[in-house]
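Here's the structure, in structure tokens; my notes come after.
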Amino acid sequence: MTYIVFILCVFLVGMALAAILVKDLRSAIILLSALSLFASLVFLIVAAPDVAITEAAIGSALTTVIFVIALFRTRKSTEGNTSATVRRVDESARAVRQKETDNA
Amino acid sequence: MVSPILFIVVPLAAAFLTVLVNRNAGARILALLTALTLSALAWFWFRADLSTPVSVVIAGIAPPMGIQLSMDRLSAALALLISVSGLLVILYSQSYLKSEEAQSKHYAVLLLLMAASFGILLTRDLFNLFVFYEILCISSYILVASEETKASFEASLKYLLLGSVGSLFMLVAIGLAYRVSGSLAMSDIARALGKADSSYAMLTAALFVLGMGIEAAIFPVNTWLPDAHSSAPSSISAVLSGFVIELALVVLLRISMTVFSSVNLMLPLRYMALAGILIGELAAFGQTELKRTLAYSSMGQVGLMLFALTLGTEAGRQAGMAHLVMHTGAKSVLFLIAGYFIVRTGKREIKSYSGLGRRMPLTGVLFVIAALSLVGVPPLFGFFTKFKILSAAAASGATGAWLGIAVILLGTVLEASYLFRVARTLYSDPEGENVKAVKGRMEMDVPALVAVFGFTLLVIFGSFLLPLIPSGLAL
Amino acid sequence: MRKLIGILLIGGFAFYLVTVGMGLFSAESRSELDSVGSEILATSPDLSGAANTVTAVVVQYRGFDTLGEVTVLFVSALGVGMLAMAIKDGLLKNLFDDNGGFVLQAGSLALLPFIVLVGLYITLHGHLSPGGGFPGGVIIATAVFVVILTSKTLSIPRGLINVMETLAGLGFLAIGFVGLYSPAQSFLANILPKGEFGSLLSAGFIPVIYAIVAIKVASELINIISKLTAADSDSKEAAE
Amino acid sequence: MTVPQILYVSAFLLILIGLYSLLTQRNMIRMIIGLNIADLGVNLFLVTIGFVDKGSAPIFRAQAAAGPMVDPVPQALVLTSIVIGFGVTALALTLVMRLFVSHGSIDTARIRGLKW
């Protein structure tokens, strides 16, 4: 058990470092979410299942949702107005869908 | 049977209900009624015989397993102060916030702030204290941001980030305390820390004081205060400067005297207090905006109270509590009137208020009275409290007491000069453009005037309350 | 400069904590509890009737904290509601106009009852197994988020959610008052019959409180997310 | 090293990493990420305090598990702390969104109104 905890804790610290050092904000948020999920695994191992389930639901899922919403809403647009951002997001969404239909 | 628990439950229930009341008027009336109920409750407890504190256990489980609330004389006095100032501020908001949209939620948050204040006063469980402290902090952040200006959002976020770090420190301290005592009840922790290793107790106490000191605006961690108090809506500035920081200060002091009695925190706190007085008053002297001046002045006044409370003598504690009551009255009056000056002129700088005292004669007089009391001019309440602090310091013989007296006198001189500057501007000859810029009727609205008048009564006749102010900062 | 100050501050703090803290855990790790926890473990089955002791602590021994905790969420939801009203950039509206097609919409609606069921299970078994009102409420709210994310025209019944929120809050306080005016004479006292240990209908008021907490948490979270994702028209409606 | 020591050290490192990020970052969302990491560290610390060697989860089952149970009280505290952390995060991010609407930036260096 000591080894499992040790490896998981090394992961935890590594992920935390990565989350604050990584350039891309999106990656940082996803790393935070993964960090939370790993932490809930640690909680499960050290006999705290209640904490684990709450951390997984709130820390890992909900917090990420809020962070992603905040990221979308604070995305810097090149022209300085939001309509351009909207257009860009729309275009990328359309491109993704196009690709999917192509693949299908 | 009137249980102290009503202090927490009544505002909570009213806040939950406010969400359903979408009309502003309804929310206002609900908030006013709640504050009236709370004032009546507080009056009941203030009059009650509390020579032995009344304790209530939650869920019928005695501490250390359960949570215990306890009502003593200090809590009853502060509860009365909080509920009456809450009542007056809600009355004032009625006319001040008229133009704002969707203010009904604002009242709910204000009620929750009051519930949390009562919670941290009454609880005797360290973690329960933390939970109520968090409610207090979060509602303060929201109320600061509710001015909805650029500056208020920034101030609120800054306050939030600093406050969250403080809560983290507090939580670590609670964890350390639980590790050594195996309990969360304050009395158990006090006993266990007394026996523990001194560096361990010191670390726990330092983390806790640093964490909670952020809300109490103790010197090194009070950088949020001038921004938050000056960019909040004026009624909220009155609440935050009027009782929130004082409350945090008193609770912090009570905890460091009881739970952390094994650690000598008084001396470092006393020097922090002196640094706070100097920096606050010096910074206030240099400000050009009225509300910012008042905010920095609060910083200095908190230092003054902290100095008196940490003297370690009965007289010092009594003087500190008296000064706290005086400051609640005076600073509320000043902030509430400053709010109206901003509404009438649309400007925040002191120099644009020239001649306003002649246009609003009654308001101007009330402002000057509160300012004089804050400086400590006889026969106002402020004179007696400041005098008591100085004499207590001289009699205590504590380390740094004489240095403290010198700093307080210097602070008083600075305070007198900047408040006199404001008063002179109010009664100077108005410049042509300013007269036109002033809109609205001559005086403040009636409810606001009543509220300000209530606080002014406290400032003038507070000296008669002196024998009633309790001093025991007991657990 | 900022970095330097940050490193210095944190380094000093680190040094102190490590020196004291390693001393704290340097002794061989404990095999026995020497805290109030052991007392709680001994008395909990009789006193609360809950198999899960953490639940017993959260709801009964420290139920007052839970009331405060629910209030913290309530305050944040109020704050988010007050502040989010003026964010009107229309970005998310456009984002969510991209509704993902029929399969996703129908699928999310079909999933809704199942996710809610899981949430209810976790909530109501809180006194028997890990879980309880907080994760249960989050899961129930998640079911609604999935529908929000996929559908274009769904409008959240704000009024209904507000009513639920208020009723849940008042219900919690009412249960507290029942305890206060019952023979136990103590706020939040567990006066309901304890039932058979380990069965679903046991532990007195613990499942009731957890159900209330779940409703409260779910409605707060739906409120927060729907305010934050609200499009222009929606936020105007909320302002009224 | 024993399990509590490993947990203690990593909880402590998480707090430090989070606080470092909070103090040095200029992007407000990154500051809040730092706050969350520190929060997680504190939660891990609290769980560590209640840990007992070879302890089982504090749930009574039909077939009684051998050995001691871990302390349930810190776990209850952590539940509260997680929920409070979420509330603060949601509020902070809403404030950041509002600041972006009024200033067009989430960089503290570009927001000039107040000194940070």
Side-chain angles (χ1 to χ4, degrees), chain B residues 1 3 5 8-9 12-13 15-20 22 56-61 63-67 69 101-102 105-106 108-109 112 115-116 119 123 125 127-128 130-132 134-135 138-139 141-142 145-146 148 153 172 176 178-185 188 197 199-200 202-203 206, chain C residues 16-17 19-21 23-24 33-40 43 47 57 59-69 71-72 74-83 85-86 159 162-163 165-170 172-174 176-177 179-180 184-191 238-240:
Chain B
M1 191 194 121
S3 169
I5 203 128
I8 297 157
V9 175
L12 273 188
F16 289 153
L17 269 177
T18 312
V19 180
L20 282 190
N22 265 330
V56 188
V57 291
I58 309 282
I61 299 167
M65 287 195 284
I67 295 170
L69 306 185
E101 262 183 43
K105 287 186 174 140
H106 174 107
V109 181
L112 288 171
T123 186
D125 182 283
F127 191 75
N128 197 233
F130 172 78
V131 172
F132 280 116
E134 277 297 315
I135 301 175
I138 296 179
S139 35
Y141 311 147
I142 295 170
S146 69
E148 309 241 317
F153 295 138
V172 173
L176 290 172
Y178 183 78
R179 177 70 180 80
V180 69
S181 69
S183 161
L184 290 164
D188 290 347
D197 192 34
S199 66
Y200 190 89
M202 177 98 96
L203 176 69
Chain C
Y16 194 41
L17 261 192
T19 45
V20 179
L24 169 63
L33 279 181
D34 49 356
S35 68
V36 66
S38 57
E39 258 176 272
I40 287 182
T43 55
L47 205 62
V57 174
V59 179
Q60 192 172 359
Y61 289 87
R62 309 188 65 84
F64 207 47
D65 280 351
T66 306
L67 179 60
E69 198 177 342
T71 312
V72 168
F74 176 68
V75 186
S76 326
L78 274 182
V80 171
M82 276 166 77
L83 295 173
M85 252 168 222
N162 280 344
V163 169
E165 193 182 331
T166 306
L167 284 185
L170 292 179
F172 203 137
L173 297 178
F177 269 110
L180 188 59
Q185 287 211 342
S186 187
F187 192 74
L188 280 175
N190 190 350
I191 47 142
E240 280 161 12

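Chain letters run A, B, ... following the sequence lines, proteins first, then strands; residues in each count from 1.
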Interface moiety of C:F172 toward chain B, non-hydrogen atoms closer than 4.5 Å: neither

Gap between atom CD of B:E134 and atom OG1 of C:T71 - 0.5 Å precision: 12.5 Å

Most chain C-contacting option - heavy-atom pairs closer than 4.5 Å, from B:A13, B:G66, B:S183: B:A13

Spacing of CE belonging to B:M65 relative to CD belonging to C:E39, to within rounding of 0.5 Å: 5.0 Å

With sequence neighbours excluded, residues passing side chain to side chain contact (heavy atoms under 4.5 Å, CB included) with B:A206: none

Contacting moiety of B:A15, where chain C heavy atoms sit under 4.5 Å: both

Part of B:I5 lying under 4.5 Å from any heavy atom of chain C: side chain

Pairwise side-chain contact, B:F153 with C:L83, heavy-atom cut-off 4.5 Å (strictly under): yes

Engaged part of B:I61 at the chain C interface, taking heavy atoms whose separation is under 4.5 Å: side chain

Approximate separation, where rounding is to 0.5 Å, of B:L17 CG and C:L170 CG: 5.0 Å

Distance flag, aromatic centroids of B:F132 and C:F64, threshold under 6.0 Å: yes

Backbone of B:F16 reached by a side-chain donor or acceptor of C:T166 within 3.5 Å: yes

Pairs of heavy atoms under 4.5 Å with chain B: top-ranked of C:G169, C:G176, C:S76: C:G169

Atom group of C:Y61 that falls short of 4.5 Å from chain B, counting heavy atoms: both

Gap separating the CG atom of B:D125 from the CZ atom of C:R62, nearest 0.5 angstrom: 4.0 Å

Side-chain heavy atoms of B:F127 within contact of C:D65, under 4.5 Å: yes

Toward chain B, the part of C:Q60 with a non-hydrogen atom under 4.5 Å: both

Side-chain heavy atoms of B:L69 within contact of C:F187, under 4.5 Å: no

Reported CD1-to-CG distance for the pair B:I138 and C:L78, which is rounded to 0.5 angstrom: 11.5 Å

C:L67 versus chain B, the contacting section by heavy-atom distance below 4.5 Å: side chain

Part of B:L12 within contact of chain C (heavy atom distance under 4.5 Å): both

CD1 on B:I58 to CG on C:L180, rounded to 0.5 Å: 9.0 Å

